[in-house]
Amino acid sequence: MNVIETLKGLVGAEHVLTGESAAPLLVDWRGRYQGAAIAVVRPATTAEVSAVVRLCAEHRIPVVPLGGNTGLCGGATPDQSGSALVLSLARMTRIRAIDADNDTITVEAGCVLQSLQEEARKADRLFPLSLAAEGSCTIGGNLATNAGGTQVLRYGNARELALGLEVVTASGEIWNGLRGLRKDNTGYDLRDLFIGSEGTLGVITAATLKLYPLPIAQRTAMLALKSLDDAVAFLSRARAGFGASLTGFEVMEGEVLQAVVGLFTQLRIPFEGASAHSPWFALLELSDSESAEHAQSRFEAVLGEAIEDGLITDAAIAENIAQSKAMWHLRESIPLAEAALGKSVKHDVSIPISRIAEFVHTTNAALQAHFKGVKHVIFGHLGDGNLHYNVAPGPAQSEGQVLGQQDEIYQLVHDSVHAHGGSISAEHGVGQLKRDQLLRYKSALELSLMRSIKNALDPLGIMNPGKVLQS
Ligand code: FAD
Ligand code: ZN
């Protein structure tokens, strides 16, 4: 019996997709990578995942795990050889348990992040991972890429939110590590090895995750600032002034927001006059455990003092949920505006917060010296030291001119990141996009330890080959 027939026997014929029904799942979200596969298989249970991986191990078939396909580094797209099997977790969406006293939820890997947030809310709890792709990305994909998002400042990355995992190993065995423990020092942390491994060590099939109390009130404010240096200085003050209730601190270059409102004319920057044309803006979120009035008065006190001291030039506090949503909409529309304005060379970098302004000044200057006229599109999660530092064609340039110099631009920006003690991938992962860049910035020892782990957990090299590390 051939492999396709065996797979149909394992998961049901209608869940083995080939030809046109598989095609949309073989291209990544940004349309940068087009792959080919024997089939896309959609098992419904952990036992079915195990059976599929066992079959693949037996026949040495590469397995590419697929969640919501929103990853930005081509990690879920197979190569073009057509020899791989794409293993989609889309049917594994069950909430297995909610333990209110333990503040945990156990869910299957294919559960869409937004559904998971909603299930938590029904239980009067918060699942705090939040990102613009939450309507499509899955918790399995979030864990596999150790996703970040807009509340990392307070609650941490996906890794910090996971207590336990269930994993199908590269040989098809099922590891039940679904422990709901906040303390467990019993040897090597296997859970943390699988988190962030982008499907190269095994398939995550379920997770036990931390829940938090729902905030009583949330308040959003937008700030106008003279410089990124002022934003960094104000961040320190905001952390001291707001403590744990500061759940978000985003920054956006003024020109980036001007492009957003120029394109999406229903949106507006919530300032008048010169403030509406500030060089930088910040977006703050407070999650208060007392009341909306309490959040409002804390905002007024800290922001008022910062205005008096000249650290921020203007502040707008959202008066209701609609205004708060409008502010977040501005921030979340940046990637869409970027996409509408054409392709750019993207960098998802982190820098120690104390060096982030210096990084931007020196890298902007170096880019202008080497690639005169390019435009910087800078925004991101300043509270986490994470910037999306993108390079787009200037008014007199074509998309092709900038993309044609992509490798040189990567190198300039990433060398600068490295020189400032930063990381070339803060939250999107490595996938196939940044795999070769790792060789430049990781030490030989670090790469060799990573390869030892890969060989130990996946000796046949069938788990998502060619991603993160060269196969
Ligand atoms: P996929 O794209 O399907 O897969 C991603 C990687 O994980 C692949 O390597 C895949 O093989 C592997 N994988 C998927 N599921 C499993 C599994 N069950 N077991 C093992 N491996 C698996 N990311 C952030 O961190 N922060 C952001 O703020 C953010 N914003 C975004 C906004 C937009 C508009 C978009 C399109 C993306 C954004 N991303 C962001 C990137 C992306 O959403 C996240 O990386 C997300 O976690 C990917 O989840 P997914 O289910 O779509 O995974
Ligand atoms: Zn981001």
Side-chain angles (χ1 to χ4, degrees), residues 25 27-31 33 35 40 43 46 49 53 62-78 84 86-90 92-93 107-114 116 129-152 157-159 165-170 194-207 248 250-252 331-339 346-350 379-384 386-390 425-433 435 458 463-468:
L25 301 172
V27 57
D28 74 304
W29 191 82
R30 284 173 66 193
Y33 299 101
V40 177
T46 303
V49 173
V53 176
V63 179
V64 181
L66 174 68
N69 203 17
T70 67
L72 298 174
C73 298
T77 311
V86 173
L87 194 157
S88 160
L89 283 298
M92 293 189 54
T93 58
V107 293
E108 292 185 343
C111 186
V112 169
L113 176 56
Q114 196 173 326
L116 168 50
L129 190 67
S130 175
L131 42 112
E134 63 200 19
S136 330
C137 65
T138 62
I139 189 64
N142 300 147
L143 290 165
T145 58
N146 186 25
T150 51
Q151 303 209 77
V152 173
N157 294 301
R159 184 188 302 283
L165 294 185
E166 179 187 82
V167 172
V168 170
T169 68
F194 288 108
I195 295 174
S197 67
E198 301 183 48
T200 62
L201 301 179
V203 184
I204 297 169
T205 48
E250 302 283 308
V251 286
M252 299 154 276
R331 161 67 182 88
E332 281 161 4
S333 299
I334 296 173
L336 301 174
E338 277 194 291
K346 294 185 192 295
H347 309 89
D348 157 41
V349 304
S350 60
F379 62 98
H381 319 285
L382 186 69
D384 318 323
N386 175 191
L387 286 185
H388 298 304
Y389 183 100
N390 301 336
S425 178
E427 58 176 8
H428 297 160
V430 177
Q432 42 187 316
L433 180 68
R435 185 193 64 187
D458 178 22
M463 286 308 309
N464 213 359
K467 312 296 167 54
V468 184

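In listed order, ligands and their atoms are each counted from 1. Note that the numbering runs from 1 along the sequence shown for the chain.
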Ligand-side contact atoms (ligand 1) for residue partner [X], heavy atom cut-off under 4.0 Å:
X	value
Ala132	32 (C)
Ala147	25 (O), 47 (O)
Ala109	18 (N)

So is [X] close enough to ligand 1, meaning a heavy atom under 4.0 angstrom away?
X	value
Gly149	yes
Gly202	yes
Lys467	no
Leu89	yes
Gly148	yes

Residue selection (non-hydrogen contact nearest [atom]) among [options]:
atom	options	result
atom 39 (N) of ligand 1	Asn142, Thr138, Leu66, Leu72	Leu72
atom 16 (C) of ligand 1	Gly140, Ala158, Gly71, Cys111	Gly140
atom 27 (C) of ligand 1	Glu108, Glu427, Gln151, Glu198	Glu427
atom 44 (C) of ligand 1	Asn157, Leu143, Thr145	Thr145

(request) Identify the protein heavy atom lying closest to atom 4 (O) of ligand 1, giving its residue, its atom name and the separation to 0.1 Å. (result) Ala76 CB, 3.7 Å
(request) Flag the pair Glu198 and Lys467 as a salt bridge only when some basic side-chain nitrogen lies within less than 4.0 angstrom of an acidic carboxylate oxygen. (result) no
(request) Tell me which part of Thr150 gets within contact of ligand 1: side chain, backbone, both or neither, using heavy atoms under 4.0 Å. (result) neither
(request) Report the residues that fulfil ring-ring contact (aromatic ring centres under 6.0 Å, His included) with His381, sequence neighbours left out, ordered by chain and then residue number. (result) His388
(message) I'd like to know if the side chain of Gln432 reaches the main chain of Thr77, judged simply by a donor and an acceptor atom lying under 3.5 Å from each other, with no hydrogens or angles considered.
(response) yes
(message) Keeping Asn142 on the side-chain end and Cys137 on the backbone end, is there a donor-acceptor pair under 3.5 Å?
(response) no
(message) Keeping to distances under 2.8 Å, can you name the protein N/O/S atoms close to the Zn ion (ligand 2)?
(response) His381 NE2, His388 NE2, Glu427 OE2
